[in-house]
**Student:** 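My questions all concern the structure below.
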Amino acid sequence: MLWILASLFFLWCAFREIRGSIVAPAGFDFPRPVSKSYLALVFGLAAVFAWPPVHTWYFQWLLSVKATELAENHRARVHCNTLFDTMLDPEMLASGHANPKTGRIVLQKPWCGTLMAYLRHPGRASHEELDSLDMFTHESMHIRGEMNEARTECEAVQRNYRAAKLLGVPDGTAKRNALEYYNVTYQLRGKIGGMQGAYYSDQCAPGKAMDEHLSDSTWAPL
Ligand SMILES: [Zn+2]
């Protein structure tokens, strides 16, 4: 919001300058010529301040379209919380949450940024960046209709490969990233137990009860 206000302020500066060249400003007899360098500066600043919100809107739109696809056309609307949104969010302790009734997915600060970072360099993804991919797939599975956390997470691990490809990650990298999440982070959940254990099942494995036998499953042979 502050970014938009700053951007509008500089647009107003530009407007004032242009108006001054058409209508004589108060106290002057003639309009004064526009200063081109001043105009370039204020338009430039307006664009710089407009960029972060525009970029976030675009990213939310992209995630909404892809989440809807993952949720098999249950309409999803993704919102990236700012720090302020997160502080006011009753579920601020959850890094993300989803409501299948409204289709709304909320990703807390700073997880949208982490997911953006992952998509910039998927070939050298950190564990945290892979977590952000799984979080996106996991919340999409809630929109698809599953609310049991262990089943939701298992649906997500099988689709992380699909999700990464939908977000533009090259095929081989997407497969490697999705398998790494399953083999490392997911298995760790089972070992840690407690809260993390609620998101784990030993039946979430190739050929076991929770295997959906997707043709493009993370664990399907290529
Ligand atoms: Zn969940």
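Whatever order the structure lists them in is the order used to number ligands and atoms, beginning at 1.
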**Student:** Walk me through it: do Gln196 and Lys191 pass the test side-chain contact (heavy atoms from CB on, under 4.5 Å)?
**Tutor:** CA-CA 9 Å; Gln196 292 293 322; Lys191 291 195 190 94; over 6 Å; no
**Student:** Distance only, no hydrogens: is a donor on one side chain within 3.5 Å (strictly under) of an acceptor on the other, for Thr137 and Asn160?
**Tutor:**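 Distance-only check passes for Thr137 and Asn160.
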**Student:** Can you label the angle between the Tyr182 ring and the Tyr186 ring as parallel, tilted or perpendicular, going by 30° and 60°?
**Tutor:**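 Taking Tyr186 first and then Tyr182, their aromatic rings lie parallel (interplane angle under 30°).
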**Student:** Would you check if the Zn ion (ligand 1) lies under 2.8 Å from any N, O or S atom of Glu149?
**Tutor:**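 Yes.
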**Student:** Is the charged tip of Arg189 near the ring of Tyr199: under 6.0 Å from the six-membered ring centre and within 45° of its axis?
**Tutor:**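 Yes, cation above the ring, under 6.0 Å and within 45°.
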**Student:** Just checking: His97, one of its N/O/S atoms, less than 2.8 Å away from the Zn ion (ligand 1), yes or no?
**Tutor:**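 So His97 does not count as coordinating the Zn ion (ligand 1).
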**Student:** What is the name of the N/O/S atom of His142 that is nearest to the Zn ion (ligand 1)?
**Tutor:**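 Checking each N, O and S atom of His142, the shortest distance to the Zn ion (ligand 1) belongs to NE2.
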